[in-house]
Each structure stands twice: as structure tokens, then as C-alpha cells.
Amino acid sequence: MTTPTQTVRDTAPTRGSAPADARGPAPALRKTALYATLVTLALVFLAPLVWMVITSLKTYPAAQQIPPTWLPDPLSGYGYEQILNSSANPVLRWFLNSMLAATLHALLVLATASMAAYALARMRFRGRTVLFALIVGTLFIPPTSLIIPNFLIVDELGWLDTLTVVIVPSAASAFGVFFLRQFFLSLPRELEEAATLDGASQWQIFWRVVLPLSKPALATLAVLSFLTNWNDFLWPIYVLFSPEMLTLPPGLGLLQGAYVTDYPVIMAGAVLASVPVLILFVLAQRHIIQGVSRSGLKG
């Protein structure tokens, strides 16, 4: 027999619950607002890129038109023709110089940073903590304050006006050491201990166990190092003098005249400089996300 107290208890709403019709639309509204925000941010970030491509396909008078138009009318390859056929401004040579310098720079950073980071993460030696603190401390030194000392050093080495001068000096990356060390610390030590029991040396453990497991972090550091060298503008201006030895950032600066700005030519050069970066990011974005999440860094 049901008592009145039991009836009231059974019919009373559960604490913390809400009617289905009251809580149903809320997740859908939040999801819609989230997607709307993401689409808006994507449009904001893509608009300059789209405008760059469109301007590169305009004629010189169309690019100077006020108010500007979104669609190129007429469609023209004037900017690309000027870049590819110009003997005074060898943009293709600058492009190849940048590709070679950025690729070799990224490989050097991976080599130096991975070995230093592994030693600081796994090897026991006196002064390890102090050494790591000194390396991280160099991140707080403004890069512009090192231009003159670095210039004097590379001058003594005879590297001025060569690609070596934009590849080697910044290959000892303090950020790379810090980034990879954080990733190496997240790897289980049991794998290295098992390799030690199998008779593997310290180098074999590093080369055959640690590095294969660190592909996401290595890919992330390679992309960041490539982009840093690819976009470097200030240092090449000081150390590269010949037009044929320039890289893309300082070379594209020469395309702007003293009195007239040829926007289709400048934008065509910018498109040429953006293509490798976009391709590299598309290919490596999965590894970048994994590398950053595993290393403990947050943006």
C-alpha cells in the first residue's frame, strides 16, 4: 500500500535535474554559436590571404583603383610575368636561396637541439640544472642586441655574403632544447631501461628508441625553425650584399620602388613566398598538434 509520503517522494523532481524541454535547445545553441565564432575567425584570418592572391592577379591600373574591387577585372598575370622575367630582381633565385637556407637551418636545429635536450632530460651530471637554466635564460635576450657581435664573428670566419651566414649562427636553438627536453621527459623510462637490458648503448637508445617516439615534437620544431629562417628579414639585410645571394624577405623589399609601389608584383612575390609555408603546415599540422600537446606547452 502506497503512503502519501511515498507518493510525494516519487513525484518530486530529482535534485539538479531540469525539464527536458528546458535543457534541450541549450546545447544546440552553444554549438551553433561556437561554429559561428569559428567561421568568423576563419574569415578574418583568410581575408588578407585572399586579398593578396586577388591583387596579384590584377593589372597595375586595377590595383591602384579607388575604391578597390574584390574581383580582378581583367584577370592578368602581369605581376607573375614581372617576377619571372626580371633580371634585376631574380625572385626565383631568392626563392631557391630561402628554401635551401631554411631547410638546412631546420635540420641543424633538430640535430643540435635533440642531442642537447636528451642529455638534459636523461643524463645525470653535475651542473645540469644550472646549465638548463642558462640555456632558457638566453631566450630573454633580445635578438637585435646580438647582431653586432654575431656580425663580427661571421666576418672573422669569412661567411659574409654566403648562405652559410643565414644557416649556421642561429642553429643552436635555446627554444628547441627547451621544447624537446619537455617532450623527452614525457616519454616512459621503461622503454629505455628495456633497451639497456638488451645491451643498447646510450647513443643507440637515443637514435633507435627516443627519436622514433619523438616524431611529433621533431616535426613541430622543424616547422617552427623553417618558418623562423624563412621569414627572417633583419639578419640577412646585414650579412647578404649581392643581389643573387639574397633570400626572399629582403629581396621582396627591393620590389617596392622609392616613388611607385607596384602592388601586383609585390603581391605575386608574397604569394610565391607563402606557398611553401602553407604546404608545409598542411602536411605537418597533425604532428604539430601532437607535439605541442605532449610537450606541455600551451598557446
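Since we're looking at a predicted model, the values are computed, not measured. Along the sequence shown, residues are numbered consecutively beginning with 1.
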Are [Y] and [X] co-members of a hydrophobic cluster defined by side-chain heavy atoms under 4.5 Å apart?
X: Val154; Y: Ile237; answer: no
X: Leu254; Y: Phe233; answer: no
X: Phe95; Y: Leu278; answer: no
X: Leu283; Y: Val277; answer: no
X: Val271; Y: Leu92; answer: no

For [X] and [Y], which heavy atoms make the closest approach, and how far apart are they?
X: Ala113; Y: Gly176; answer: CB-C, 3.7 Å
X: Ser114; Y: Leu110; answer: OG-O, 2.5 Å
X: Leu272; Y: Pro276; answer: O-CD, 3.3 Å
X: Ser170; Y: Val109; answer: O-CG2, 4.3 Å
X: Gly251; Y: Trp94; answer: O-CZ3, 3.0 Å
X: Ala106; Y: Ala222; answer: CB-O, 3.7 Å

From [atom1] ([X]) to [atom2] ([Y]), nearest 0.5 Å:
X: Met267; Y: Asp262; atom1: CE; atom2: CG; answer: 11.0 Å
X: Asn97; Y: Thr247; atom1: CG; atom2: OG1; answer: 7.5 Å
X: Leu120; Y: Met115; atom1: CG; atom2: CE; answer: 12.5 Å
X: Leu180; Y: Leu218; atom1: CG; atom2: CG; answer: 6.0 Å
X: Phe184; Y: Phe179; atom1: CZ; atom2: CZ; answer: 10.0 Å
X: Arg208; Y: Gln204; atom1: CZ; atom2: CD; answer: 5.0 Å

Starting from [X] and following side-chain heavy-atom contacts under 4.5 Å between hydrophobic residues (I, L, V, M, F, W, Y), which residues can be reached?
X: Leu185; value: none
X: Leu34; value: Leu38
X: Leu197; value: none
X: Tyr263; value: none

Leu240 versus Leu160: any side-chain heavy-atom pair under 4.5 Å?
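Not in contact.
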
Would you indicate whether the side-chain heavy atoms of Phe175 and Leu224 approach each other to under 4.5 Å?
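Leu224 reaches Phe175 side chain to side chain.
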
Do the side chain of Ser186 and the main chain of Phe183 share a donor and acceptor less than 3.5 angstrom apart?
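Between the backbone of Phe183 and the side chain of Ser186 there is a qualifying donor-acceptor contact (under 3.5 Å).
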
Check the angle between the aromatic planes of Phe206 and Trp203 and answer parallel, tilted or perpendicular using the 30° and 60° thresholds.
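Ring orientation of Phe206 relative to Trp203: tilted.
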
Listed once per pair and sorted, the side-chain hydrogen bond (donor to acceptor under 3.5 Å, both in side chains) pairs that draw on residues 225-241, sequence neighbours left out:
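Listed by first then second residue: nothing to list.
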
I'd like a table of donor-acceptor pairs (distance under 3.5 Å, sequence neighbours excluded) in which one partner is a side-chain atom from residues 161-169, with atom names and distances.
| unit_1 | atom_1 | unit_2 | atom_2 | d |
| --- | --- | --- | --- | --- |
| Asp161 | OD1 | Phe241 | N | 2.9 |
| Asp161 | OD1 | Ser242 | N | 3.1 |
| Asp161 | OD2 | Ser242 | OG | 2.6 |
| Thr162 | OG1 | Trp159 | O | 2.5 |

Got a list of side-chain donor-acceptor pairs under 3.5 Å for residues 41-58, not counting sequence neighbours?
| unit_1 | atom_1 | unit_2 | atom_2 | d |
| --- | --- | --- | --- | --- |
| Trp51 | NE1 | Thr55 | OG1 | 3.4 |
| Thr55 | OG1 | Trp51 | O | 2.8 |
| Ser56 | OG | Val53 | O | 2.6 |
| Ser56 | OG | Tyr80 | OH | 2.8 |
| Lys58 | NZ | Thr69 | O | 2.5 |

Can you give the donor-acceptor pairs under 3.5 Å from side chains of residues 132-151 to other protein atoms, not counting sequence neighbours?
| unit_1 | atom_1 | unit_2 | atom_2 | d |
| --- | --- | --- | --- | --- |
| Thr138 | OG1 | Ile135 | O | 2.5 |
| Ser145 | OG | Pro142 | O | 2.6 |
| Asn150 | ND2 | Leu146 | O | 3.1 |

Please identify each residue that fulfils side-chain contact (heavy atoms from CB on, under 4.5 Å) with Thr59, with sequence neighbours left out.
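Applying side-chain contact (heavy atoms from CB on, under 4.5 Å) to Thr59 gives Pro61, Ala62, Pro74, Ser76.
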
side-chain contact (heavy atoms from CB on, under 4.5 Å) with Ala195: which residues, sequence neighbours excluded?
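Partners of Ala195 under the side-chain contact (heavy atoms from CB on, under 4.5 Å) test: Ala200, Ile205, Val209.
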
Just grab all the salt bridge (Lys or Arg N to Asp or Glu O under 4.0 Å) pairs involving residues 114-131, residues at least two apart or on different chains.
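Every salt bridge (Lys or Arg N to Asp or Glu O under 4.0 Å) pair that includes a residue of residues 114-131, provided the two are not neighbours, is Arg122-Glu192.
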
Results of side chain to side chain donor-acceptor pair (under 3.5 Å) for Gln202 - residues two or more places apart only:
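Applying side chain to side chain donor-acceptor pair (under 3.5 Å) to Gln202 gives Tyr118.
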
